[in-house]
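Right, one structure below, let's go through it.
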Amino acid sequence: MVKFHNFSAGPGILNREVLKQLSESVYNDRELSIAEISHRGSKFVDVMERARGLVKELLDVPEGYSVLFLQGGASMQFLMAPVNLLHKNKRAGYINTGVWSKKAIAEAKNVGDVTVVADSSDKNFNYIPKEYTVPNDLAYLHYTSNNTIFGTQFKRHPESDVFLVSDMSSDIFSREIDVSKHGLIYAGAQKNIGPAGVTLVIVKDELLGDTGRAIPNILNYRKHIDAGSMLNTPSVLAVYTVMLTLEWFKREGGVKVFEHTSEEKANLLYDEIDRNPLFVGNAMREDRSLMNVTFILKDKSVESKFVQLCKEANIVGINGHRLVGGYRASIYNAMTIDSVNVLVEIMRDLEKKC
Ligand code: PLP
């Protein structure tokens, strides 16, 4: 059987054991599939509750926060965050570190006042801004913890007196986080925790309810919380797959273990990029992402040889985003160190052949 090494940025690699469990639940001869039973029945309600509970357990979510699984992707959260948290008399602060931050800013501007507190567009977003002042009258400060396209990552959350809102779509569950500094964390599932179609939301309850504006029901976190994350029909298969993935995280030893293996995998790749004279990394060293490793070949004439070697080794999904060019190896939790080693070997092989 062909073994693929899937470095796609998202939808990304899923754990093989999880996929086996999923296929067994989608079709077997003994019972109705998880995809064809009522979401109000106890079987699916248990799945939803287990998934929400595992998020709390694995991320050490303090009391007073609610966990939701919503639809509409992280892009819907670009809108729901300001709709629920930006009071009409206040402004929201955003740190602009790339495409996804820009989209979040644009959506927030549709709701109310926004100020961009820091911005790394001057160097095509190859770094995380460090020197900036956060006004203390903001409704919240928004940051994108990992920039999937540019390959940069906040090494820790920004310092701020106002509460933080974070898009953690591409690094959630890859490291320990201090949830208590955040009023809201959201993450599209399709990178680290499951398939596309569901978005994880962790929100601090006491912040909800006072924006001075009416909030449409389907955009209202409070309504989703009161309905047990089932205000409308949830994305049942996606939530189920997330639950299986979180169970796998737990069996492996939790987020701390993935933090360690993420560092190990990223170091392997960055060490080779820095050692091999053919390659150069895109992001500033201190801001390099442990999830999306972006790099280019210095000599464009060897690109086709590299692409051919990757193809022969069944390496897929390694092309960089068009705004950055070159290559991007996404090494989410389900990516094995063996697959990373296959890529490193290809990079060495290319050096020998050039
Ligand atoms: N935020 C980040 C950091 C992302 O990487 C992506 C998708 O790649 C998004 C937001 C958009 O997510 P969605 O397509 O689920 O709306």
Side-chain angles (χ1 to χ4, degrees), residues 6-14 68-83 92 94-110 119-121 124-129 141-155 157-158 164-175 177 182 184-202 218-219 234-235 237-239 241-242 245 262 282-283 287-294 317-324 327-335:
N6 182 5
F7 289 90
S8 299
I13 185 169
L14 290 169
L68 301 170
F69 287 106
L70 304 182
Q71 300 191 43
S75 302
M76 180 66 94
Q77 297 312 310
F78 297 161
L79 176 64
M80 285 178 76
V83 160
Y94 279 72
I95 301 179
N96 180 16
T97 53
V99 169
W100 302 114
S101 308
K102 278 205 277 190
K103 290 190 189 239
I105 291 166
E107 210 63 275
K109 282 183 177 168
N110 285 323
D119 186 315
S120 56
S121 57
N124 197 26
F125 300 111
N126 75 349
Y127 72 103
I128 298 290
L141 178 67
H142 180 286
Y143 72 104
T144 312
S145 65
N146 183 70
N147 298 283
T148 325
I149 292 175
F150 298 93
T152 60
Q153 186 176 29
F154 280 82
K155 293 301 155 193
H157 60 75
L164 299 170
V165 170
S166 185
D167 174 359
M168 295 194 185
S169 293
S170 50
D171 66 354
I172 195 146
F173 292 99
S174 71
R175 59 178 175 177
I177 50 170
H182 297 79
L184 170 69
I185 292 170
Y186 60 89
Q190 67 271 22
K191 289 135 199 332
N192 228 7
I193 53 173
V198 66
T199 308
L200 169 63
V201 168
I202 304 170
I218 197 69
L219 301 181
S235 205
L237 271 184
V239 173
T241 316
V242 169
T245 305
S262 295
N282 280 314
D287 300 323
R288 284 172 161 177
S289 166
L290 299 187
M291 293 281 101
N292 308 97
V293 177
T294 56
I318 202 167
N319 277 349
H321 189 277
R322 66 186 182 285
L323 293 174
V324 184
Y327 305 94
R328 168 173 53 174
S330 299
I331 47 176
Y332 300 124
N333 285 6
M335 167 63 62

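In listed order, ligands and their atoms are each counted from 1. Here the structure is a predicted model, which is why all the values come from computation and not from measurement. Start at 1 with the first residue, then count along the sequence. Just the heavy atoms: all of them, side chains too, but no hydrogens, waters or symmetry mates, feed the values below.
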Worked verdict on Y143 versus H182 for side chain to side chain contact (heavy atoms under 4.5 Å, CB included): CA-CA 11 Å; Y143 72 104; H182 297 79; 2.7 Å; yes
K155 (side chain) donor-acceptor with R288 (main chain) under 3.5 angstrom: yes
Q77 side chain to D167 side chain, donor-acceptor N/O pair below 3.5 angstrom: no
Other residues, nucleotides, ligands: >12 heavy atoms within 6.0 Å of K109 NZ: no
Considering only N or O atoms, set out every pair between ligand 1 and the protein closer than 3.5 Å, with distances to one decimal place.
unit_1	atom_1	unit_2	atom_2	d
ligand 1	1 (N)	D167	OD2	2.6
ligand 1	5 (O)	W100	NE1	3.3
ligand 1	5 (O)	T148	OG1	2.5
ligand 1	8 (O)	K191	NZ	2.7
ligand 1	15 (O)	A74	N	3.1
ligand 1	15 (O)	Q190	NE2	2.9
ligand 1	16 (O)	A74	N	3.2
ligand 1	16 (O)	S75	N	2.9
ligand 1	16 (O)	S75	OG	2.5

Of T144, T148, N192, the residue whose pairing with S170 passes side chain to side chain donor-acceptor pair (under 3.5 Å): T148
L70 vs M76, side chain to side chain contact (heavy atoms under 4.5 Å, CB included): CA-CA, chis, key distance, verdict: CA-CA 9 Å; L70 304 182; M76 180 66 94; over 6 Å; no
